[in-house]
Amino acid sequence: MKKIVYTKYGSPDVIELIETEKPVPKDNQILLKVHAASVNMLDWYHLTGPPVIRLTNGTLSKPKKTSLGLDVAGRVEAVGDRVTQFQTGDEVFGIAKGSFADYVCADEHELVRKPANVSFEAAASTPVAALTALQGLHDKGRIQPGQKVLINGASGGVGTFAVQIAKSFETIVTAVCSTQNLDIAHSMGADYVIDYTQEDFTTNGRQFDLIFAVNGYHSIFDYRRALSPTGIYVSAGGELTQIIQAVLVGPILSKVGRRQFSFMGIAQVKQKNLSIIGELLESGKVIPVIDRCYPLRATSHALQYLGAGHAKGKVIVTMSPDDHSS
């Protein structure tokens with residue numbers, strides 16, 4: 001089988017496509033024949049190796065874990081002795097470390113069944129990004145029907161899911177993005193769309209019950225001005241300064257008045273959340289925005305495209321039938 005690996009930190013040019021043995025699932029694992037995987041900024045960070053990643057993934061000079069890929073959609077090839085939820089032939093999606101490969105093993109509790117009316121590519125686009133959006137809006141943001149919700153960075157991987165998930169809670173959604181992405185935001189059902197190159201939502205006088213900051217940069221004090229008196233601000237990314245302010249300044253501001261400020265962090269892999277995402281996909285309430293697809297052999301190009309900040313929605317890596325080898 002073929003698999004993407006990297007043995008040193010650097011640009012996407014350092015990754016390799018190698019031939020290796022098909023993995024054998026442990027008792028609680030499933031062996032998947034991968035049909036599609038998606039690229040996340042986590043993959044980019046693991047590859048390029050900023051200091052915090054190097055400290056948690058091996059040594060400062062080279063990675064300990066050499067596989068890439070988290071999101072996956074595929075068909076069950078074999079199951080471990082203790083697996084009870086799935087059987088050979090089931091179509092599933094979820095999380096599997098090292099999913100940029102023909103085959104990969106995954107914990108059964110980090111997968112759910114793929115809806116029959118959803119493609120492998122669409123299903124593979126959802127786990128990390130949609131989990132981040134769902135947990136950020138629901139768990140951290142305590143979203144409620146009828147609220148005014150703003151999504152800053154609405155056209156990226158997490159943002160496109162956040163807009164649609166927020167709408168599924170029957171909220172009034174304002175999407176913030178650049179000029180070239182206005183049509184995408186409208187197509188996702190946003191009630192209002194703001195072009196950040198033309199208007200600053202933190203100074204236009206409008207206030208929101210929930211602000212979900214996926215990308216871009218505004219001072220946390222700017223966000224505070226745009227929150228209603230009991231509003232909640234959740235940072236899920238953006239520039240480093242924005243993240244640092246959410247982590248360090250947010251708890252302090254949360255003690256002053258009734259506004260709340262928090263940082264989303266990395267999404268937790270919860271099977272019940274993946275099931276909710278599957279239901280949203282099946283019902284059509286969430287339709288993944290896929291920018292482009294790359295074959296496994298062009299994974300370096302997929303990573304380069306994502307890292308350059310060009311992606312509108314998700315970037316997918318696909319395994320075509322003739323790519324698979326035993």
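Both backbone and side-chain heavy atoms feed into the values below; hydrogens, waters and symmetry mates do not.
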Is there a side-chain contact between [X] and [Y], using heavy atoms and a 4.5 Å cut-off?
X    : Y    : result
Y294 : I316 : no
S67  : I4   : no
L17  : K3   : no
E110 : K270 : no
H46  : Y9   : no
K167 : M188 : no

Q.
Pair K114, D90 - check salt bridge (charged side-chain N to carboxylate O under 4.0 Å, His left out), show working.
A. CA-CA 8 Å; K114 180 185 73 65; D90 286 345; over 6 Å; no
Q: Spell out, yes or no, whether F93 and V104 are grouped together once hydrophobic residues are joined by side-chain heavy atoms under 4.5 Å, including indirect joins.
A: no
Q.
Tell me whether M319 shares a hydrophobic cluster with I290, the cluster being built from Ile, Leu, Val, Met, Phe, Trp, Tyr side chains joined at under 4.5 Å.
A. no
Q. Looking only at side chains, do R206 and T174 share a donor and an acceptor under 3.5 Å apart?
A. yes
Q: Test N152 against every option in Y223, Y196, Y217 by the side chain to side chain donor-acceptor pair (under 3.5 Å) rule and name the one that passes.
A: Y223
Would you find a donor on one side and an acceptor on the other, under 3.5 Å apart, between the side chain of [X] and the backbone of [Y]?
X    : Y    : result
D43  : G69  : yes
Q304 : H301 : no
N40  : L42  : no
Q245 : I220 : yes

Q. Is the count of non-hydrogen atoms from other residues, nucleotides or ligands lying under 6.0 Å from I18 atom CD1 greater than 12?
A. yes
Q) For the residue pair F201 and H218, is the inter-centroid distance of their aromatic rings smaller than 6.0 Å? A) yes
Q. Does the distance from a Lys or Arg side-chain N to an Asp or Glu carboxylate O, for R113 and E91, drop under 4.0 Å?
A. no
Q: Establish, for the pair R292 and Y305, whether the NZ or CZ atom is under 6.0 angstrom from the six-membered ring centre and no further than 45 degrees off its axis.
A: yes
